Amino acid sequence: MIERCAMRIFAALLCALALWGCETERSLKKEVLQLWIMPNSPDPAADMLHVLRNFELENPGIEVQVTILDWSVAWTKITTAAATHSGPDVLQMPTTWAASISAMGALMPLDSLLAVSGGDSAFAEVSMKFARPGTSFATSLPWFLDVRPLFFRRDVLAEAGVDPKTLLNWTDFRKALLKIQKADLTIEGMRIAPIGYPGKHDWNVIHNLAPWVWGAGGDFLDSTGSESRLATKESIAGILFYLNLVRDGFNSKKNLTKNTNQVSMDFDEGRLAFWFDVTNKTLYLDSPRFLGGSSKNVTARNYSVMLPPTAPAGKSTYYFAGGSNLSVSRFTKHKRSSMALVRYLSSRPDVQLELSRVTGFLPALLSTYEYPYFKEDETRGVFQQMISRLRSYPAVPYWGEIETEILLRRFGNIFDLITLSGDNAWPEKEILSEIRAADSEINRFIKRQRESGK
């Protein structure tokens, strides 16, 4: 009898332990969120996990798994996910893609989240333009800004007799480039060219061109996004000013066969006096080689940044603004947790500050600029000054195709015309013809899109 009772007690204990184990396993099982981002920093996965650390500490029942999408495949993966009702819970939404993905009906309305995050005025105005890209509701919240100041070499300007404080407008800028060209400088074995910008094989062609088009009073599309403005006299004036930096020998024709990384390396290695780049360029110039930087190069020892030159008299100055927002998939099974993640990343100044530290991009949340990190640093102070003059492309669903399928191809043709012309020849007539052909092609494309209801 005693043995039988002991066996019953032992069996009951085993059953209790099994039940406890099941309950413990259930309690330890976390809700897993999938987050898709692009390579926004030197070590994007590790850097993002660093930014997310406090979110997981504050939400112990949630785990965030980060997937890095290379820019070359990001568009295809995101549009495929939207079309197949699959993909991540939360995703990085590049601003110029927001209208297209929103039009696919794949993004969750975020008006309630925007309201508790401070409303429109809490964020940079240019980012809010893409939060509601042709929709009556917000489909994303601003995350970070991509702005492009003018980097320059202090030592080169000093040798050429150029005071950077005098470089205020386009005329001043051309005079400075001419002085540097005539100085024909060689520093630490490197011959210095006045400026560089890439050409045909580059993803930044239109971003680099945009401030000159806007500064001349032109634009790519009209205010409704329904007609091309590329062939107006103002747009053409801006395009020609930019291209004439090659005509006048300030930017080498060879650069028109290079991409951004290649010309950026030329600046790092000491071959250029001026270079327009994203603010995260400072991460590489200030970091040692073992971290992938170039802090001991001649450029890194002598670089500064300034505001890009202002537009001609009577015209408005605008700086190109890119960057990304954050969206929640309409098909997520973790709506509440996904919303919490977006709020954490976009609406907390401490998190926005840390994101800026590791990526080099600027915060979209305006209250973040109250930190000494921005207020007491000369370089980041220049970055901050640009925010009030930011502008971007029209928020229409078909802009992505206009940019990547028409404008990049047409300007590739223009760069071919320039590079294949003789040393003393300048194909302006052919350039103008290509601009007008692009203008006509854009209008035909827009007409087809509007007729099809896209």
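Bear in mind the structure is a predicted one, so any value in this text is a computation, not a measurement.
Closest heavy-atom contact between Val156 and Ala273: CG1-CB, 3.6 Å. Between Asn40 and Phe361, the closest heavy-atom pair is O-CE1, 3.3 Å. A pairwise comparison of heavy atoms in Leu283 and Val358 identifies CD1-O, 3.5 Å as the closest pair. Minimum interatomic distance between Pro109 and Met339 (heavy atoms only, all atoms of both residues): O-CE, 3.9 Å. Between Met128 and Leu114 the shortest heavy-atom distance is CE-CD2, 3.8 Å. The minimum heavy-atom distance linking Trp143 with Leu355 is given by the pair NE1-CD2, 3.3 Å.
Ring-plane geometry between Trp97 and Trp71 is classed as perpendicular, the angle between the planes exceeding 60 degrees on a 0 to 90 degree scale with a lower cut at 30.
Using a 4.0 Å cut-off between charged nitrogen and carboxylate oxygen, Arg229 and Asp219 do not count as a salt-bridge pair. At a threshold of 4.0 Å, the pair Glu188-Arg301 counts as salt-bridged, since one of the basic side-chain nitrogens sits closer than that to a carboxylate oxygen. Between Arg132 and Asp120, at least one side-chain nitrogen of the basic residue sits less than 4.0 Å from a carboxylate oxygen of the acidic one, meeting the salt-bridge criterion. Under a 4.0 Å N-O distance rule, the pair Glu354/Arg53 does not qualify as a salt bridge.
Side chain of Thr79 to backbone of Thr76: a donor-acceptor contact under 3.5 angstrom is found. Under the 3.5 Å distance criterion, the side-chain polar atoms of Ser235 are left unmatched by any main-chain donor or acceptor of Gly218. With hydrogens and angles ignored, the 3.5 Å screen pairs no side-chain donor or acceptor of Gln352 with any backbone N or O of Pro363. Thr282 places a side-chain N or O within donor-acceptor distance of the main-chain N or O of Thr279, the cut-off being under 3.5 Å. In terms of modelled atom types and a separation under 3.5 Å, the side chain of Arg148 and the main chain of Asn208 share no donor-acceptor contact. A side-chain donor-acceptor contact under 3.5 Å links Gln262 to the backbone of Asn259. Side chain of Ser440 to backbone of Ala437: no donor-acceptor contact under 3.5 angstrom is found. Side-chain atoms of Lys77 do not come within 3.5 Å of backbone N or O of Leu69 as any donor-acceptor pair. Of the possible polar contacts, one joining the Asn443 side chain to the Ser228 backbone as a donor-acceptor pair under 3.5 Å is found. Under a 3.5 Å cut-off, the side chain of Glu227 and the backbone N or O of Asp222 do not form any donor-acceptor pair.
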From CA spacing to verdict: side-chain contact (heavy atoms from CB on, under 4.5 Å), Ser264, Tyr284: CA-CA 11 Å; Ser264 179; Tyr284 301 92; over 6 Å; no

Leu107 and Ser140: CA distance, side-chain angles, deciding distance, side-chain contact (heavy atoms from CB on, under 4.5 Å) verdict: CA-CA 8 Å; Leu107 304 178; Ser140 65; 5.8 Å; no

Glu31/Arg336 under salt bridge (Lys or Arg N to Asp or Glu O under 4.0 Å): CA gap, chis, key distance, verdict: CA-CA 11 Å; Glu31 185 177 10; Arg336 184 182 296 273; over 6 Å; no

Asn54/Tyr344 under side-chain contact (heavy atoms from CB on, under 4.5 Å): CA gap, chis, key distance, verdict: CA-CA 9 Å; Asn54 281 340; Tyr344 171 85; 3.4 Å; yes

Stepwise side-chain contact (heavy atoms from CB on, under 4.5 Å) check, Phe151 with Leu285: CA-CA 11 Å; Phe151 288 74; Leu285 290 173; 4.2 Å; yes

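For Glu378, the CD atom counts as loosely surrounded, since its 6.0 Å shell holds 12 or fewer non-hydrogen atoms of other residues, nucleotides or ligands. Counting non-hydrogen atoms of other residues, nucleotides and ligands closer than 6.0 Å to CD of Glu125 gives a total of 12 or fewer. Counting non-hydrogen atoms of neighbouring residues, nucleotides and ligands closer than 6.0 angstrom, the CE atom of Met104 exceeds 12 such neighbours.
Here the options are Lys200, Arg410, Arg409, the test is salt bridge (Lys or Arg N to Asp or Glu O under 4.0 Å), and the partner is Asp416; only Lys200 passes. With respect to His207, the ring-ring contact (aromatic ring centres under 6.0 Å, His included) criterion is satisfied by exactly one of Tyr197, Phe320, Phe276, Phe220: Phe320. Applying side chain to side chain contact (heavy atoms under 4.5 Å, CB included) to Ser346 and the options Leu113, Leu141, Leu341 leaves one that passes, Leu141.
To the nearest 0.5 Å, the span separating CG on Leu150 from CE on Met386 amounts to 9.0 Å. Here Leu245 contributes atom CG and Phe274 contributes atom CZ; the two are 11.5 Å apart, rounded to the nearest 0.5 Å. Ile402 contributes atom CD1, which lies 11.0 Å from atom CD1 of Ile206 (distance to the nearest 0.5 angstrom).
Contact check for Arg450 versus Ser226: side-chain heavy atoms found under the 4.5 Å cut-off. Annotation: side chain of Gln449 is not in contact with side chain of Val396 (no heavy-atom distance under 4.5 Å). Within the 4.5 Å cutoff, side-chain heavy atoms of Leu52 are placed close to those of Leu35.
Counting only N and O atoms by type, the side chains of Asp268 and Thr299 include no donor and acceptor under 3.5 Å apart. Of the N and O atoms on the side chains of Asp286 and Tyr303, at least one donor lies less than 3.5 Å from an acceptor on the other residue.
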